[in-house]
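A quick note: this is a predicted structure, and the numbers were derived from the prediction, not measured. Numbered from 1 within each chain, the chains take letters A, B, ... in sequence-line order.
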Amino acid sequence: MSLVLNEEEIMLRDSAAGFLAETANVDAFRKHRDNPPPAGFDQALWGSIAEMGWCGIAIDEAHGGLGYGFTGLGLIIEQMGKNLTVSPFNSTVLMAGTAIAQFGTEAQKQEWLPKIAAGEVVMALAIQEGSHFDLDSLSTSVSAQGDSFAVKAEKRQVLDAIGADAYVVVGKDVSGYQAFIVTADQVSVQDQSMVDARSSGTVVIDISLSADAQMDPQSLNSGGLERALDIMNIGLAAELLGVSVEAFERTVGYLRERKQFGKVIGSFQGLQHRAADLFAELELCKAIVLKGLRAVDAGDDLGGLASAVKAKLAQISQRATNEGVQMHGGIGMTDEYDIGFFIKRARVLEHTLGDFHYHLDRYALQGGY
Amino acid sequence: MSLVLNEEEIMLRDSAAGFLAETANVDAFRKHRDNPPPAGFDQALWGSIAEMGWCGIAIDEAHGGLGYGFTGLGLIIEQMGKNLTVSPFNSTVLMAGTAIAQFGTEAQKQEWLPKIAAGEVVMALAIQEGSHFDLDSLSTSVSAQGDSFAVKAEKRQVLDAIGADAYVVVGKDVSGYQAFIVTADQVSVQDQSMVDARSSGTVVIDISLSADAQMDPQSLNSGGLERALDIMNIGLAAELLGVSVEAFERTVGYLRERKQFGKVIGSFQGLQHRAADLFAELELCKAIVLKGLRAVDAGDDLGGLASAVKAKLAQISQRATNEGVQMHGGIGMTDEYDIGFFIKRARVLEHTLGDFHYHLDRYALQGGY
Amino acid sequence: MSDLNTFRTETRSWLEANCPESMRVPIRSFEDIYNGGRNPEMSHPDQKIWCDRMAERGWTVPEWPKAYGGGGLSKAEAKVLREEMARIGARSPLDSFGISMLGPALLKFGNEDQKLEHLPPIVRGEIRWCQGYSEPNAGSDLASLATRAEDKGDHYIVNGQKIWTSYADKADWIFCLVRTDNTGSKHEGISFVLFDMATPGVTTRPIKLISGSSPFCETFFDDVPVLKKNLVGEEGKGWTIAKYLLTHEREMISSFGAASGKKTLGQRAADNMGTDASGRLRAGTLRSVIAQYQLDTLAFAATMEKVTAEAKAGQGLGPASSIFKYYGTELNKRRNELLLSVEGESALGWDGEEYNEGEIARAWLRSKGNSIEGGTSEVQLNIVAKRVLGLPDA
Amino acid sequence: MSDLNTFRTETRSWLEANCPESMRVPIRSFEDIYNGGRNPEMSHPDQKIWCDRMAERGWTVPEWPKAYGGGGLSKAEAKVLREEMARIGARSPLDSFGISMLGPALLKFGNEDQKLEHLPPIVRGEIRWCQGYSEPNAGSDLASLATRAEDKGDHYIVNGQKIWTSYADKADWIFCLVRTDNTGSKHEGISFVLFDMATPGVTTRPIKLISGSSPFCETFFDDVPVLKKNLVGEEGKGWTIAKYLLTHEREMISSFGAASGKKTLGQRAADNMGTDASGRLRAGTLRSVIAQYQLDTLAFAATMEKVTAEAKAGQGLGPASSIFKYYGTELNKRRNELLLSVEGESALGWDGEEYNEGEIARAWLRSKGNSIEGGTSEVQLNIVAKRVLGLPDA
C-alpha cells in the first residue's frame with residue numbers, strides 16, 4: 001500500500017477534473033440551486049458520468065464493473081467536491097453500490113450491480129432514523145413473518161430519495177441488523193431541500209416483502225454493515241477533501257489580490273499564519289484520505305481508520321470553509337459570491353453517516369480508550 | 001454583589017503588591033529555589049505576612065480574624081501569584097483555615113482559627129490519595145472504634161507537608177466523609193520538591209485519635225466539604241490569575257523591545273493577534289475570578305461557578321505561560337531567565353485540588369449535561 | 001424626589017390613557033417594530049397612533065432637548081418613563097437609525113439649522129434614515145472610500161457606490177461619507193453629508209446573503225446633487241464623525257454574544273441527545289466542547305457585568321470593553337456551530353415546514369457575518385494590540 | 001546482483017567476527033552513543049574498539065568516497081551493510097555532527113585540501129565538531145549575526161559570541177558563521193570558517209534550561225586567530241552553506257513528532273485513569289483532547305509516509321515537507337502536555353526517586369524548546385505562507 005498515486009490514477013484524476021470543471025462546475029451548481037430539476041439531478045450529466053464508466057469503477061468485473069477499486073472512486077469524488085457537482089453518484093455508487101457489494105445476496109449483486117455500473121439505476125441508502133446518525137439506536141423496524149418480512153420504518157435524511165428507483169433499507173430486528181432492497185413503488189417519499197441545495201428526504205416503508213428482497217443477514221451482521229459504512233465515510237471524506245481544498249485555494253487566491261489599507265491582505269502576518277497552518281492541516285487531510293482509500297482496496301481492517309479519516313476531514317473542512325468566508329470578508333457573506341456554497345456543502349457532508357463527534361468518539365473507542 | 005473593587009479593596013491590593021514586589025518577588029523565589037530553607041519556607045517573610053494581618057483577613061472576628069472576607073484574601077493571593085511568592089499561606093490560610101471554618105467543631109474553631117489568623121501555626125490539608133485529585137474515590141481510610149477513631153491513610157500531594165504543625169485530614173468511612181485535625185507528631189512525612197520548587201509531600205497516618213480530633217461530620221457531609229473545596233479552588237484561581245497576568249505582561253514588554261529582522265517583534269501581526277486574543281481571555285479571567293470571590297462572600301451557592309472559575313483559569317494560565325516561553329524564544333528556555341518559572345508554577349496550581357479536566361467535567365455536570 | 005413622584009404619577013396615568021392595548025403585547029416579529037418613515041410598514045395600525053401620541057410629548061426620544069422636538073427629560077425622569085412603560089408592557093413607539101445613530105451625531109457635530117431641520121422629523125418618525133459608510137473596495141479599510149463629492153459652488157455632485165447600507169431600500173434620507181478631497185492622507189478629505197434618497201441619481205438594490213434575504217443593500221449614486229447646507233461639520237473632517245458612530249455601532253453589535261433563550265446549550269443538548277446514568281451528556285466529545293462554550297459564555301457575561309459596574313462606579317470604560325465586539329461575535333459563531341451539532345441533520349434543512357424554514361441553518365450562516373460587519377475580528381485584534389497593548393505598527 | 005550477494009556474505013562474516021558482543025546490546029542511555037573526539041566519553045571501552053574497526057574500512061560513513069576515508073559503498077551496498085548490522089543488532093559505531101552536518105557541507109562546498117584534511121578524522125572519530133550559528137541578538141533572524149572576522153592578511157581575527165552551540169564544551173573543532181563584511185545586505189558578508197576550539201581566546205559555558213542541564217553552551221570568541229585556509233567556500237558567501245545545513249537540521253528535528261513508545265497515549269490514559277462499562281476513558285473531557293491528539297498523530301504519520309513515497313517515486317519533495325518541522329514539534333508539545341494530564345501531579349515532581357527524577361516534567365519543559373530551536377514555528381509558518389502559498393511580504 002503506497003501513499004503515492006500511480007500514473008494511471010493521476011490520469012484518471014486529471015480527466016475527472018477536466019470534465020467536471022467544464023460541465024458540472026460551481027456555476028452549474030448555482031443553476032441547479034436556483035432551478036432544481038424535478039428528479040433532483042441533471043439527467044444529461046448523469047448520462048455522461050455513466051458513459052465515462054465512473055459508476056462501475058469500484059464494482060468488480062464479475063458484476064459488470066471495472067474492478068479498478070476505491071482509490072479511483074475517491075479521486076473522482078474528490079473532484080466532485082471541488083466542483084460542487086450535483087448528481088446521485090454518492091447515493092447510488094458510493095452508498096447503495098457499496099452496501100450491495102458488502103451484504104447483498106449473490107442474486108442481488110447480479111441484478112443490481114451491473115445496473116449501477118452502467119448508470120441505469122439511481123439508488124439510495126435508507127438507514128438513519130433520528131436527526132443524528134447512530135447505528136446503535138436503530139429502532140426495531142423489521143420483523144420476519146414466515147418466509148416474508150413485514151417492514152415498517154420511517155427513514156430520514158435519505159440522500160437523493162426523491163429521484164431513486166430503488167432503496168437499500170437497513171433496520172434491525174431481534175436477530176440483528178436486517179436489510180432489504182425496496183423499489184420506489186413500495187415506499188412513500190417526502191422530499192426536502194437541504195442547506196446545500198441537495199435533495200434529501202423521509203422515506204416511509206410499510207409493506208410486506210418476499211424473501212428475495214432480504215439482503216444477506218450473515219454478511220450484514222458479521223461486520224459487513226460496519227465495513228460498508230466505513231467505506232462510505234471514507235468516500236464522503238474524499239468529497240470533503242475536494243470541498244476544503246477548493247475553498248482554501250479560492251481563499252488564498254483572494255488573499256493574493258484583495259487590497260486593504262494600501263496592501264494586499266495576504267501580506268498581513270495574522271492571515272498568513274492562519275493560512276499556513278490550514279495548509280498544513282490540509283496536507284494531513286490529503287494523506288489520511290489516501291491512506292483510507294488504499295486501506296479499502298487492500299482489504300485492511302477499517303474500523304478506527306475510517307472514523308479517523310471522517311473526523312479529521314469533518315473538522316478541517318469546517319475550518320477551511322469558515323476561514324474562507326471570514327477571509328473574504330463582507331463579499332463572502334453574499335449569495336452572489338460562491339465561497340458560501342462550500343461552507344454549506346461541507347456541513348451536510350459532515351453530518352451524513354456520522355458527524356465529527358460521532359466519529360471522534362468511535363475512533364477513541366476503537367483505540368481502546 | 002458588584003464586580004467592581006471598592007477603594008478599600010484597591011488599597012489592600014496595592015499595598016500587597018508593593019510589599020510583595022519588594023520582599024517576596026521573583027528574585028526571592030529564585031533564591032528559595034536554589035537554596036530551599038529546611039522548613040520549606042522563609043520564616044521571616046511568614047512573620048511579616050502575619051504582622052500585616054493577611055492570615056486573618058477571611059476569618060471572622062469571633063475567631064480572631066478581621067472578617068474582611070474572601071475578596072480581600074483573593075486580591076492578596078493574586079499578588080502572590082504575580083510575584084511567585086513562596087510561603088505556607090495557601091496551605092494554612094486558604095486551605096486549612098477554610099476547612100476548619102466550614103466543617104470544624106466550635107471547639108476546633110476556637111482553638112485553631114485564632115492561631116491561623118495570628119500566623120502562629122502552619123497547617124496543611126491532607127486529602128488527595130492518587131495522582132489525580134478525585135473526591136469520589138477517597139478510599140475508606142477512617143473507622144470509628146467506640147469513642148475513638150482508627151485513622152489509617154496515606155495522603156499524597158500535601159502542600160507544605162514538611163513545615164506544617166498540624167494537618168486537616170479528610171477521608172471517608174461507611175458513614176460518609178470523615179475529617180480530623182492531626183498534629184505533626186502524629187504523622188510521618190515524606191517531603192518532595194515539585195517542578196515549581198514548592199514543597200509537597202506524602203503524609204502517612206496510622207493512629208488512634210480521640211473524639212475531639214474529629215471534625216463536624218454533619219457540616220462535612222451536608223455540603224461543607226464541597227463548599228470548602230470550592231472556596232479553595234477559587235483562591236487557587238486567584239493565584240493563577242496573578243501568574244498569568246504577570247507572564248503576559250512580561251511577554252508583551254518583551255514584544256515591545258526585542259528586535260528581529262530589523263523590526264520590533266511586537267509589530268508582527270501574527271504575534272499581535274495572539275497577544276490580543278490572550279488579552280481578551282485574561283480580561284475574562286479577571287472578571288470570573290472576581291465573580292467567584294464575591295460569590296463566596298455573598299454566601300451564594302458555588303458548585304458550578306467554582307469549577308468554572310478554576311477550569312477557565314487552568315486553561316488560560318497554560319496558554320499565557322506557554323505563549324510566554326514561545327514568544328520569548330530561545331532565551332525563554334533558559335533557566336537564567338524568569339519566564340520559565342511561570343509555566344511551572346501555573347501547572348502545579350492547576351493540578352492542586354482538581355485540574356482543568358476535572359473541573360470542566362464537574363462544571364458540565366452541575367449544568368445538567 | 002417629590003417632583004419625580006409627581007412625574008411618575010402623571011406619566012402612569014398618561015400611559016394608561018394613551019397606550020393602545022395592542023401596543024402592550026410583546027413583539028413577536030420584525031414587523032412589530034415600528035421604524036416610521038414616509039411609507040411606514042406596520043403589522044398593526046395602532047403602531048402609528050402610538051408613535052404619534054408619544055412623539056407629541058417628545059417621548060419617542062425622551063432625553064433629546066425640547067427645542068429639537070425631544071422630551072427634554074432628565075436622566076432620572078427618563079428612567080421613570082422606562083419603568084412605567086415596562087410596568088404595562090408598552091412597546092417602544094419608534095426605533096430608527098435616526099434616533100440611535102444620526103441624532104447623537106447631529107447633536108454633537110451638527111449646526112443649529114441642521115438640528116432644527118432634521119431632529120424633529122426623527123422624533124416624529126416622519127423620516128427614516130440609513131447609513132452610507134462601507135464601499136465594495138474599502139471593506140475593513142473604511143477610510144479608503146472612493147465615493148466622490150465634487151464641489152459645484154453651492155452644492156456637491158456625488159458619484160460612487162455604497163454597500164451594506166441597511167434598509168436603504170426603505171429609508172427616506174441617508175447620512176453618507178463622501179470624499180471631497182483626494183490630496184491628503186486617506187483619513188482627510190472625507191466629509192459627512194445628508195441627502196434625500198428620492199433625489200434623482202440614487203438607486204438601491206437589496207443584497208441576498210448566504211443565509212437568505214437581508215436588510216442590506218447596494219446603493220449607487222449617479223450625479224446626485226447635494227446642497228452644501230447638508231454638510232455636517234467641516235468639509236474634509238467627516239472621519240471624526242464616522243469614528244464616533246462606529247464606536248457606537250460596535251457597542252450595539254457586541255451584544256450578540258449575550259446568549260439568548262432560557263435553556264443553556266448544555267441543557268438543550270441533554271434534552272435532545274440524552275444523558276447517561278451519571279448525568280453526563282451521551283455525546284462525550286461534544287459535551288466537552290459545549291462545556292467550554294458555556295464556560296466562556298459565563299466568563300464573558302461576568303466581563304460585561306464587571307465593565308458596566310466599573311463604568312457606573314465612575315472608573316470609566318476599562319480596556320476590557322475593547323474586546324466585546326471581538327469576543328461576543330466569536331462566541332455567537334461558536335454557539336451556532338454547536339447548535340447544529342446538537343440538533344443534527346434536521347437543522348440543516350433549508351425549506352419546508354418540518355425544518356421550520358431552515359431557521360437554525362439560516363441563523364448559523366447569518367452568524368458568520370458577525371465577525372465581519374462593524375469591524376472584522378482581525379481589525380478588532382489590531383485595535384487591541386495597538387491601542388491597549390501598545391504594540392507598534394508593522 | 002551476484003556482486004551484492006557476495007558483498008552481503010562477506011559483510012556478514014566480517015561483522016560476526018568484528019562486532020563485539022557488547023556492541024550488539026541495545027542503546028540504553030546517551031552515554032551508549034559514541035561521539036568520538038580527542039577525549040571520547042564512553043560507557044564501555046568496546047565503543048572505541050568497534051568504532052576503530054569500522055573506521056578502518058570507512059564504514060563509519062559507508063557512502064563517503066574512499067579518498068576521504070569513507071567506505072566508498074554504493075547506495076545498494078550501504079543498504080546491505082545497514083541490513084546486516086540490524087540483523088545482529090549492531091550499534092552505530094559513531095554518531096557525530098561531523099558526519100551528519102559538516103561532512104555533507106564540505107563534500108559540497110569545500111576545496112580538495114579541506115576535504116583531505118578534515119573528512120578522514122571525522123570518519124575515524126578523532127575530531128568531534130560543533131556548530132557555531134545562533135547568536136543572542138539574532139535568534140530567528142539568524143542572518144543578522146554580529147560575530148566579526150577581521151581580515152589580517154593570511155588569517156582572520158574572530159570576536160563575538162555564539163549561543164545554543166550544542167556540545168561546544170565537548171567538541172574539538174567548530175564550524176562557524178562569522179561576518180567578514182558589514183557593507184552589503186545582511187545575507188551577504190557572512191563567511192563559513194573552521195577552527196580549533198583549543199585556540200586561545202575560545203571559552204564556553206554550558207546553558208541550563210528550564211528543564212535542567214542541557215548540551216547547549218554559550219561560546220565566546222576573544223581575538224581568536226583563524227587561518228584563511230579554513231574558510232569554506234568564498235568569503236562572504238557563507239549564507240548559502242548555512243541555508244543548506246539549516247534545511248538538513250530541520251529535517252532532523254521534525255522527526256520529534258513521530259510518537260515514540262508502543263502504547264498510544266489513549267491506552268496509557270485508559271490504564272492509568274480507567275474506563276467505564278462502554279470502554280470509554282472515565283475522564284471524559286480529557287478523552288476528547290487525547291482522541292484529537294491521536295487523530296492528528298495518525299494523520300501526520302500518514303503525511304510523512306506519503307511524502308516519503310512520493311520522493312521515492314521520483315516526484316520530488318512536495319510542499320507538504322515544509323510543514324514537518326512546524327507540525328511535528330507542535331504535536332510533540334501537545335503530547336507532553338497531555339502526558340501531564342494523564343499522569344497527574346505525580347508527574348510534576350522534580351527530584352527524588354518516587355518521581356523518577358522528574359523525568360516526565362523535564363521532558364514536558366524540554367519540549368517547549370522544540371518549536372523554537374531550528375527555526376521557530378512562526379518562522380516555519382512564514383516560510384509556508386511565502387514560498388508555498390505565494391503570499392507577499394508585508
Side-chain angles (χ1 to χ4, degrees), chain B residues 33 128 130-134 137 156-157 190-198 200 202 258-263 265 267-271 274 311 318 321-322 325-337 339-341 343-344 347-348 350-352 355-361 363-364, chain D residues 134 136-141 143-144 163-164 186 207-214 216 218 272-274 282-289 333 337 340-352 354-355 358 360-362 364-366 368-369 371-373 376-379 381-382 385 394:
Chain B
R33 196 270 313 252
Q128 185 167 336
S131 61
H132 293 81
F133 175 81
D134 185 3
S137 66
R156 294 167 54 113
Q157 309 300 342
Q190 173 77 39
D191 187 38
Q192 292 290 355
S193 175
M194 301 295 281
V195 70
D196 63 348
R198 312 299 169 112
S200 172
T202 302
R258 170 75 169 173
K259 280 192 179 172
Q260 296 267 274
F261 305 105
K263 284 176 187 169
I265 61 173
S267 71
F268 294 125
Q269 200 194 44
L271 299 183
R274 275 155 58 189
Q318 273 201 27
T321 54
N322 270 295
V325 171
Q326 179 68 25
M327 290 188 182
H328 273 83
I331 200 175
M333 282 298 294
T334 63
D335 183 72
E336 239 180 304
Y337 209 80
I339 194 75
F341 290 156
I343 209 172
K344 297 174 178 180
R347 193 76 194 211
V348 174
E350 174 189 340
H351 281 258
T352 306
D355 69 357
F356 170 72
H357 293 288
Y358 178 84
H359 286 289
L360 189 66
D361 179 70
Y363 170 65
Chain D
S134 300
N137 292 313
S140 288
D141 184 14
S144 73
I163 195 169
W164 308 120
K186 67 183 177 184
I207 296 174
K208 202 174 158 195
L209 290 187
I210 57 175
S211 48
S213 58
S214 83
F216 297 121
E218 284 180 292
N272 210 38
M273 309 175 84
R282 275 221 180 72
T285 70
L286 176 58
R287 174 174 180 264
S288 54
V289 189
K333 289 198 296 180
E337 287 288 342
L340 288 193
S341 299
V342 166
E343 300 285 336
E345 276 166 294
S346 59
L348 290 170
W350 191 245
D351 291 313
E354 190 187 351
Y355 293 101
I360 296 175
R362 287 172 194 268
W364 164 63
L365 289 165
R366 182 64 187 83
K368 301 300 173 194
S371 52
I372 297 171
E373 58 209 335
T376 63
S377 282
E378 290 79 8
V379 166
L381 290 174
N382 287 345

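Between D/I372 and B/M327 there is no side-chain heavy-atom pair separated by less than 4.5 Å. Between B/D355 and D/L286 the shortest side-chain heavy-atom distance does not fall below 4.5 Å. For the pair B/R347 and D/W364, the minimum side-chain heavy-atom distance is below 4.5 Å. Counting heavy atoms from C-beta outward, B/K344 and D/L348 have side chains that stay 4.5 Å or more apart. Looking at heavy atoms from C-beta onward, D/E378 lies in side-chain contact with B/R274 at the 4.5 angstrom threshold.
Looking only at heavy-atom pairs under 4.5 Å with chain B, the residue among D/V289, D/I163, D/L365, D/T376 that has the most is D/L365. Residue with the most contacts toward chain D among B/E350, B/K259, B/Q128: B/Q128 (heavy-atom pairs, distance under 4.5 Å). Each of B/L360, B/V325, B/N322, B/I339 has some count of heavy-atom pairs under 4.5 Å with chain D, and the biggest count is that of B/N322. Considering only heavy-atom pairs separated by less than 4.5 Å from chain B, the leading option among D/A283, D/G139, D/A361 is D/G139. Between chain B and the options D/G369, D/P136, D/S341, the largest number of non-hydrogen pairs under 4.5 Å is found for D/S341. Chain B forms the most heavy-atom pairs under 4.5 Å with one residue out of D/G344, D/S214, D/S134, and that residue is D/G344. Here B/G330 is the residue among B/G262, B/G330, B/A197, B/G340 with the most heavy-atom pairs under 4.5 Å with chain D.
With sequence neighbours excluded, no residue forms a side-chain hydrogen bond (donor to acceptor under 3.5 Å, both in side chains) with B/R198. B/H132 meets the side-chain hydrogen bond (donor to acceptor under 3.5 Å, both in side chains) test with no other residue; sequence neighbours excluded.
The OH atom of B/Y358 lies 12.0 Å from the OG1 atom of D/T285; values are rounded to the nearest 0.5 Å. With rounding to the nearest 0.5 angstrom, the CZ atom of B/F261 is 7.0 Å from the CG atom of D/N382. Expressed to the nearest 0.5 Å, how far CE of B/M194 lies from CD of D/E345 amounts to 5.5 Å. The CE atom of D/M273 sits 9.0 Å away from atom CG of B/D134, with the distance rounded to the nearest 0.5 Å. For the atom pair B/M333 CE and D/W164 CH2, the distance stands at 7.0 Å (nearest 0.5 Å). Separation of atoms OG (D/S288) and NE2 (B/H357) is listed at 7.5 Å; rounding is to 0.5 Å.
Both the backbone and the side chain of D/S371 come within contact range of chain B, judged by heavy atoms closer than 4.5 Å. Residue B/I265 does not touch chain D at all, counting heavy-atom pairs closer than 4.5 Å. Only the side chain of B/Q318 has a heavy atom closer than 4.5 Å to any heavy atom of chain D. For D/S377, the parts lying near chain B are the backbone and the side chain together; criterion is any non-hydrogen pair under 4.5 Å. Contact of D/A138 with chain B is made through the backbone alone, with heavy-atom distances under 4.5 Å.
Here the side chain of D/D141 pairs no donor or acceptor atom with the backbone of B/Q260 at under 3.5 angstrom. Distance alone, capped at 3.5 Å, is enough to place a donor-acceptor pair between the B/S131 side chain and the D/E343 backbone.
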Any chance you could lay out the side-chain contact (heavy atoms from CB on, under 4.5 Å) test for D/L209 and B/E336, step after step, and finish with the verdict?
CA-CA 8 Å; D/L209 290 187; B/E336 239 180 304; over 6 Å; no
